[in-house]
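As the structure lists them, so they are numbered: ligands from 1, and atoms in each ligand from 1. Because only heavy atoms are used, hydrogens play no part in the values below, and waters and symmetry mates are left out as well, while side chains stay in.
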Amino acid sequence: MTEKDKEMVVTPWEVSGDIDYDKLIEQFGVQPMTADLAERIAKHAGGMHLQLRRGVYLSHRDLDWWLGEYEKGRRVGLYTGRGPSGHVHLGHLLPWLFCKYLQDAFDADLYFQMTDDEKFLHNDELTLEQAVSYTYDNALDVIACGLDPEKTFIFSDTDHIGEIYRLGLKVAKRVTFSTVKAVFGFQDSTNIGMIWYPALQAMTCFLQSVREGENIPCLIPAAIDQDNYWRMTRDIAEKMGYYKPAQIHAKFLPGLAQGGKMSASQPDTAIFTTDPPRKAAQKVMRAFTGGRDTVEEQKRLGGKPEVCNVYAYYYFLFEEDDDELLERERLCRSGGIMCGECKRRLADRVKVFLTGFQEKRERARDVLCDYLMK
Ligand code: TYM
């Protein structure tokens, strides 16, 4: 790998290179997450979510304010989304599972935007019909995360345009071409659909307020790749009479290969929720680990969990018990477990998880309509 390959790129459309989260916090001008904020969330939720305990959320903007508003007895809202360009992978599930936890804890409505327009405009190979059909396929995954149908409003940019266009226009009028060029790196060759699109991702921050006729503080849980949108939105929110949206930013679940995040554009190194469990298990068995070249070296020197993707999956999703996780780390470092065995155990967990998730996904077909924004 050359130095150039390793250079960090984090945009809504590309995440590559060696990711340095401290540097991102500085570059994006966001606040590091704190133990105090995690505790405040946990107090309202009645327990600390694995993703909070393990530092999956690295940073935020105005989370303290959003929590403060709730603590004063005000209603608060949530917003997240998906660009439906293919099947959903485990990385996408991280913020959605966290939304379920926050929805229950704060009794909050969740607006869930399906950006079929964004993906169609951005991806040369994707037809509009495919993007729209992935919208409803991916919605099954969102529902399978256990969200409340009474409090979840899933909408497609293309199918719901009648309800969102006016608010999108009001945002668009406030944002200049030079701003989107600076924030997103758009160029003269960028198609004009993409240049307009950020107005639609921004408008959802205010959608609940508009629909309810009252200003409602909005929090966006997502990985940090979406941050460009929020920088743009926060600049115009108050001028439009709304609160600036708050954010809580997740780290990326890595792919199965060395380096980089889990990405649908590298299907062999991503685990999709629609993968047959046996196929997913086979992918795990081929995963990059922090193991040594030989069994003898592994026993003598131990493995390196800090660079191991298999360990990362236990850490992010598949080992709920903190003591068990510590024991796994100890065994690995001391050479007490070989990578093959560790992968086999993870593969079993992935199979169990996918089997259960796919059952929920199938059941979601019958209730999909209950979740669509009306
Ligand atoms: P999309 O479809 O690229 O990603 C959907 C969500 O998954 C997060 N994500 C990940 N999280 C952890 N590990 C990974 N490997 C990983 N890969 C993706 C993304 O941060 C995102 O939260 N433009 C958006 C759609 C959108 C949206 C939003 C997302 C519209 N409004 C509000 C978040 C919040 C998109 O294409 O997401």
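- Within the listing of ligand 1, atoms 34 (C) sit less than 4.0 angstrom from a heavy atom of I220.
- The closest approach between T204 and ligand 1 stays at or above 4.0 Å for every heavy atom of the residue.
- Residue P95 places a heavy atom less than 4.0 Å from ligand 1.
- The protein heavy-atom contact nearest to atom 12 (C) of ligand 1 is G91 O, 3.2 Å.
- One option in Q201, M114, E118 has a heavy atom closer to atom 30 (C) of ligand 1 than any other, and that option is Q201.
- With hydrogens left out, the protein atom closest to atom 29 (C) of ligand 1 is G81 O, 3.4 Å, a heavy atom.
- Every atom of ligand 1 with a heavy atom of G83 under 4.0 Å away is listed here by number and element: 1 (P), 2 (O), 25 (C), 35 (C), 36 (O), 37 (O).
- Which parts of ligand 1 touch A222 is read off a 4.0 Å heavy-atom cut-off, strictly below it: atoms 22 (O), 33 (C), 34 (C).
- Of all atoms in ligand 1, numbered sequentially from 1 with element shown, those under 4.0 Å from a heavy atom of T80 are 28 (C), 32 (C), 33 (C), 34 (C).
- For K251, the closest heavy-atom approach to ligand 1 falls below 4.0 Å.
- Using a 4.0 Å cut-off between a side-chain N of Lys or Arg and a carboxylate O of Asp or Glu, E320 and R53 qualify as a salt bridge.
- Distances from ligand 1 to the non-hydrogen atoms of W230 include at least one value under 4.0 Å.
- Polar contact with ligand 1: absent for Y229 (N/O pair, distance under 3.5 Å).
- Looking from atom 7 (O) of ligand 1 to the surrounding protein, the closest heavy atom is H92 CD2, 3.5 Å.
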